[in-house]
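Have a look at the structure below, then the notes.
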Amino acid sequence: MKPASGHGEGEEDKQAKSVALEMGWGRLLFAQTYPTNAEIVEALHQEGPARRDIAFYIRDPHVLLALAPQELFLDPSHTYRLNLATYRPSQRQPRGFFIRRLSSEADADAVNAIYQSRGMVTVRPDFFWSKRDSRAITYLVAEDELTGDIVGTVTGVDHRRVFHDQENGSSLWCLAVDPQSRHPGVGEMLVRRLAEHFQARGASFMDLSVMHDNEQAIALYEKLGFHRVPIFAVKRKNPINEKLFTHPPAAYDQLNPYARIIVDEAQRRGVAVEITDPDGGFFRLSFGGRSIHCRESLSELTSAVAMSICDDKAVTRRTVEKAGLIVPEQLDAASGSKAIEEFLKKHGRLVVKPARGEQGRGVAVGLETLEEVEEAIAVAGEISDSVLVESCFEGEDLRLVVIDYRLVAAAVRRPPCVVGDGVSTIEKLIRHQSRRRAAATGGESTIPVDGETRRCLAGAGYTLDSVPPEGQEVVVRKTANLHTGGSIHDVTEHVHPVLVNAACKAARAIEIPVVGIDFMVRSPNLPEYVFIEANERPGLANHEPQPTAERFVDLLFPRTGLKSAKQALGSKE
């Protein structure tokens with residue numbers, strides 16, 4: 001908390017005054033360079049729309065806040081510092097990915113996608129591109145060796161190059177890892193590489209700010225040798241920061257991510273929220289004289305008839321088939337072994353699923369023998385009295401979210417897989433991958449180790465005790481459901497119009513205003529498809545960065561949307 005000590009005679013005169021570094025998502029105000037607190041307040045007052053300015057290294061936060069208590073708030077974050085003089089690099093190398101500098105506009109687009117998936121403020125791609133050779137700001141990305149996908153990013157700021165910092169410091173910002181990443185240690189390697197970068201430049205330390213309740217991140221930083229320091233940050237009260245300075249409704253923390261994303265959007269618009277059953281995901285939204293009870297993305301606007309159609313997969317299939325959609329050939333499991341055997345001979349590979357059920361429970365895919373089919377029927381029969389057998393369509397699992405009979409998001413769902421390290425058994429790899437998926441989804445996604453997992457592994461010549469070679473990818477389940485460890489990859493911008501039209505036609509046939517339509521497709525950008533099922537309560541949080549929650553609240557309360565807000569303010573845009 002003491003003023004920074006200079007490095008020599010006249011050093012203080014060399015340090016720049018009133019430094020506000022443009023970061024793309026907002027400005028980083030170095031408070032130690034401002035002569036007075038009043039000037040910091042004035043600088044924060046100049047924050048632009050849809051921006052998040054941060055005043056860092058505040059020495060007297062109580063005094064600063066007293067100057068503008070209605071406009072500013074103390075950020076509920078801790079500051080951690082890594083002493084680069086004593087830091088020692090790890091001997092462990094990244095597996096399945098590598099770290100490099102951001103080098104293209106495609107990298108910038110990928111970084112923004114990760115920011116959006118993490119609820120962070122995005123940056124114009126051209127800003128990233130303009131700073132690619134900057135000596136003050138460093139952008140690092142983690143790239144998947146097999147796919148070339150960007151799976152993580154971090155930003156570093158060299159204080160010496162920004163304002164001739166007397167303390168010769170540096171800082172870390174915007175560490176983010178793709179929630180769908182299958183690789184362990186991406187965040188740790190990004191932090192280490194940035195620390196090594198600043199250490200090579202001769203920086204004395206690297207600081208970072210982390211939310212006080214982010215236990216997982218704090219544990220990582222402390223493992224790497226960071227220690228907490230009494231440094232504070234101050235931000236403006238704006239819609240982006242609202243969750244940081246307002247108290248959430250009672251029982252908010254008990255909601256799952258699928259309910260929370262809608263509650264957050266409703267509160268942002270001034271819609272009143274009452275959480276009626278947090279464990280079940282029930283809440284009531286009210287605005288003016290209108291009040292609607294919801295369970296996640298299922299609302300009172302969805303009729304009981306539409307729910308009944310979606311609840312029974314056989315009924316759903318008949319309904320959309322009459323509307324002209326392409327459906328797989330289907331057989332009731334009660335038809336008997338002989339009928340099933342003939343059905344299997346006709347199609348070669350089958351799918352077994354309960355007629356009623358959700359979250360992928362009891363679904364078995366790619367069955368090739370009568371024994372496998374009968375075993376899968378027995379498992380599915382424990383979930384639903386009625387079990388269906390369908391022809392198996394090879395391809396990718398595509399989920400299309402339709403709200404108000406218009407497509408809002410489309411994503412390919414891929415089955416869970418693990419990547420061998422040459423040392424760990426598949427069972428251990430599954431356990432570690434399951435832990436990462438749970439952390440990324442608030443506990444909603446885990447990989448079960450059951451008969452379906454063992455059957456899938458056996459088909460590829462593995463068991464749970466097998467040790468795959470380093471870099472070998474092993475699919476551990478055939479189903480791509482997120483609740484059983486699958487991952488989701490946004491393809492909204494690339495989905496074929498035929499698929500969009502079919503999904504909207506299915507929603508109208510069922511007469512359901514919010515629905516997740518599942519197709520099996522050769523590719524999202526090709527017109528071939530087979531209808532699989534309709535989900536009356538799609539998980540909107542799975543489709544960020546697409547505006548699923550915004551469109552849902554638009555449907556419920558159209559007067560709270562952006563267009564209505566502009567009209568109310570007299571905007572001519």
Side-chain angles (χ1 to χ4, degrees), residues 23-26 50-52 54 94 96-129 131-132 137-157 172-194 208-211 214 216-217 220-221 240 257 260-261 264 409-414 433 436-442 444-445 482 486-494 539-549:
M23 299 291 288
W25 38 259
R51 309 275 280 172
R52 173 180 278 170
I54 303 174
F97 65 94
F98 58 92
I99 311 297
R100 61 171 175 81
R101 297 284 289 261
L102 182 144
S103 60
S104 69
E105 291 199 40
D107 287 348
D109 290 335
V111 167
N112 267 330
I114 294 176
Y115 282 177
Q116 287 183 299
S117 71
R118 293 299 191 180
M120 300 162 65
V121 181
T122 56
V123 177
R124 293 194 330 270
D126 62 298
F127 180 86
F128 280 126
W129 184 242
K131 300 295 182 181
R132 67 190 184 282
I137 304 177
T138 299
Y139 296 110
L140 299 180
V141 295
E143 179 179 329
D144 188 298
E145 290 180 349
L146 291 177
T147 65
D149 294 337
I150 301 302
V151 295
T153 179
V154 71
T155 302
V157 175
L172 177 156
W173 300 92
C174 301
L175 175 66
V177 177
D178 185 347
Q180 308 301 332
S181 173
R182 59 187 179 175
H183 301 294
V186 174
E188 177 180 342
M189 289 302 171
L190 284 166
V191 174
R192 286 189 178 277
R193 188 61 56 85
L194 190 63
L208 59 83
S209 181
V210 58
M211 288 300 298
N214 192 344
Q216 187 178 11
L220 168 63
Y221 298 140
I240 295 173
R260 196 175 298 171
I261 188 176
D264 287 344
V412 169
R413 301 187 298 179
R414 294 185 179 134
Q433 174 77 342
R436 289 193 298 275
R437 294 294 297 133
T441 60
E444 292 295 311
S445 178
L482 294 178
S487 58
I488 189 164
H489 308 268
D490 183 72
V491 294
T492 307
E493 300 300 321
H494 311 291
L540 302 186
N542 297 328
H543 295 273
E544 294 180 302
Q546 300 303 328
T548 51

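Since the model is a prediction, treat every value here as computed from it, not as a measurement. In what follows, every heavy atom counts, from backbone to side chain, and hydrogens, waters and symmetry copies are set aside.
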Compare all side-chain heavy atoms of [X] with those of [Y] and state whether any distance is below 4.5 angstrom.
{"X": "Asp149", "Y": "Glu143", "result": "no"}
{"X": "Val191", "Y": "Val154", "result": "no"}
{"X": "Ile99", "Y": "Leu190", "result": "yes"}
{"X": "Ile54", "Y": "Trp25", "result": "yes"}
{"X": "Ile150", "Y": "Arg100", "result": "yes"}
{"X": "Phe128", "Y": "Asn112", "result": "yes"}
{"X": "Ile488", "Y": "His543", "result": "yes"}

Search all heavy atoms of [X] against all heavy atoms of [Y] and return the closest pair with its distance.
{"X": "Ile114", "Y": "Ala176", "result": "CG2-CB, 3.7 Å"}
{"X": "Ala142", "Y": "Phe97", "result": "CB-CD1, 4.1 Å"}
{"X": "Arg51", "Y": "Gly24", "result": "NH1-O, 2.6 Å"}
{"X": "Met23", "Y": "Val123", "result": "O-CG2, 4.1 Å"}
{"X": "Val186", "Y": "Ser181", "result": "CG2-OG, 3.9 Å"}
{"X": "Pro179", "Y": "Ser117", "result": "CD-OG, 3.4 Å"}

Dump the intermediate steps for side-chain contact (heavy atoms from CB on, under 4.5 Å) on Asn214 and Tyr221, then the final yes or no.
CA-CA 11 Å; Asn214 192 344; Tyr221 298 140; over 6 Å; no
CG-CG distance between Leu194 and Leu208, expressed to the nearest 0.5 angstrom:
10.0 Å
